[in-house]
Amino acid sequence: MPELPEVESARSVIERGALDRVIADVDDTDSWVCRPHRAGDIRAALVGRRLTVAHRRGKSMWCDTSGGGPVLGIHLGMSGKIVIAGVDGGEIDGGDYWEGRRVPGDYRWARFTITFDDGGRLMLVDPRRLGRVRLDPPVEALGPDAAGIGQAAFVRAVTGGITPVKGRLLDQHLVAGIGNLLADQILWQAKINPAVPGDEITSAEARRLFRATRDAVGAALRDGGVHTLPIIAHRRADGRCPRDGAPMVHGTVGGRTTWWCSREQVTRSRDAA
DNA sequence: TATAGTGTTATCGG
DNA sequence: ACCGATAACACTAT
């Protein structure tokens, strides 16, 4: 389930398997996933064109289209995957990262399908229907991508306000691409309690968060997704901190289930090293 | 069998 | 207007 690294994998699936092929048909009839358009609107806008470039910012993807066509926006939601099927229906590419229990070739939950003129297909496979497909998505509303943001911009984004710092890390308008698991990893690595208000984060702590973000995003991109991050296996009832062995504890922060080290992440910002 | 969940958006109440 | 909490989406995993 996708955060920035998984979405980047999906983007590369599109890039290596779907660009510059002529679109012959589009199934946009799932009006929950494909909106706010009426069924057929996306089809009418795409048939006869080609996808030319696949972009990503945070967890959002979008493709330019040929001939002055609209931009095709794709968001994977919580359970979406991009899958390329061959002419015979066999699965050619479902991405390099962890796929849960999904069996290649299982297209039961295809919510949006582009069929190319050779019969091959690009599908958004999304059991929970939390993904979204739309034309001309509002990409400019997103903050800078977490994989490339500079330190100054990052520090500005995560400090200030009375909202818990984890909530700021998760706010896609401030920094784009950090999800619940990346946020827990970043805060654990930086040894900061997730509930500390943004305006109590010191500049030293903000710099630690920046480095942890760069490290965690880079490691997840390299190692196969956010589930490979060090703290993730310890987000469980009998989990212990891999650094000091203290019990991991959990609660709700920023509306999401949050796990942290009971010893290293309890201090308020003014007490931190 | 029951519950929680790697995401986002709208809505409600303070 | 800001902020947080909640529901909704529909299926899977524990």
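In what follows, chains carry the letters A, B, and so on, assigned in the order in which the sequence lines appear, proteins first and then strands, with residues in each chain numbered from 1. What you see is a predicted model; the values in this text were computed from it and never measured.
In this model, the phosphate group of C/dA8 is not approached by any side-chain N or O of A/W32 to a distance below 4.0 Å at OP1 or OP2. Between A/R129 and the phosphate of C/dA10, there is a side-chain N or O to OP1/OP2 separation shorter than 4.0 Å.
For the strand DNA chain B, secondary-structure stems (runs of at least three Watson-Crick or G-U pairs, all distances below 3.5 Å) span B:2-5 with C:11-14, B:7-14 with C:2-9.
In this structure, the CG atom of A/L76 is 10 Å from the C1' atom of B/dG7, given to the nearest Å. Spacing between atom CE of A/M78 and atom C1' of C/dA8 amounts to 13 Å, rounded to whole angstrom units.
Of the inter-residue distances, the one linking A/T258 atom OG1 with A/N180 atom CG reads 5.5 Å to the nearest 0.5 angstrom.
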What nitrogen or oxygen pairs link the protein and nucleotides 1-5 of chain C at under 3.5 Å?
residue : atom : partner : partner atom : Å
C/dG4   : OP1  : A/T163  : OG1          : 2.8
C/dG4   : OP2  : A/T163  : OG1          : 3.0

Atom pairs under 3.5 Å: protein N/O with N/O of nucleotides 8-14 of chain B:
residue : atom : partner : partner atom : Å
B/dT8   : OP1  : A/H75   : NE2          : 2.8
B/dT8   : OP2  : A/K59   : NZ           : 2.9

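Cluster membership check: A/L4 shares its hydrophobic cluster with A/V226, using side-chain heavy-atom separations under 4.5 Å among Ile, Leu, Val, Met, Phe, Trp and Tyr. A/I201 and A/L182 end up in the same hydrophobic cluster when Ile, Leu, Val, Met, Phe, Trp and Tyr side chains are linked at under 4.5 Å.
The separation of C/dC9 from B/dT1, taken at their C1' atoms, amounts to 22 Å, rounded to a whole angstrom.
The pair A/D238-A/R236 meets the salt-bridge criterion, since a charged nitrogen lies less than 4.0 angstrom from a carboxylate oxygen. Salt-bridge annotation for A/D184 and A/R235: present, with a side-chain N of the basic residue lying under 4.0 Å from a carboxylate O of the acidic one. Between A/R43 and A/D27 there is no salt bridge, since none of the side-chain N atoms of the basic residue sits less than 4.0 Å from a carboxylate O of the acidic one.
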Which donor-acceptor pairs under 3.5 Å do side chains of residues 114-122 of chain A form with protein atoms, sequence neighbours excluded?
residue : atom : partner : partner atom : Å
A/D118  : OD1  : A/R21   : NH2          : 3.0
A/D118  : OD1  : A/G120  : N            : 2.8
A/D118  : OD2  : A/R21   : NH2          : 3.0

Determine all donor-acceptor pairs shorter than 3.5 Å in which one atom belongs to a side chain in residues 44-54 of chain A; sequence neighbours excluded.
residue : atom : partner : partner atom : Å
A/R49   : NE   : A/A45   : O            : 3.0
A/R49   : NH1  : A/S66   : O            : 3.0
A/R49   : NH1  : A/G67   : O            : 2.9
A/T52   : OG1  : A/D64   : O            : 3.2

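Nearest nucleotide to the side chain of A/P127, out of C/dC9, C/dC11, B/dG7: C/dC11.
More than 12 heavy-atom neighbours from other residues, nucleotides or ligands sit within 6.0 angstrom of CZ on A/R16.
By the 6.0 Å and 45° rule, A/R243 stacks over the aromatic ring of A/W188.
Its side chain within the 4.5 Å cluster rule, A/V125 clusters with A/V83, A/Y107, A/W109, A/M123 among the Ile, Leu, Val, Met, Phe, Trp and Tyr residues.
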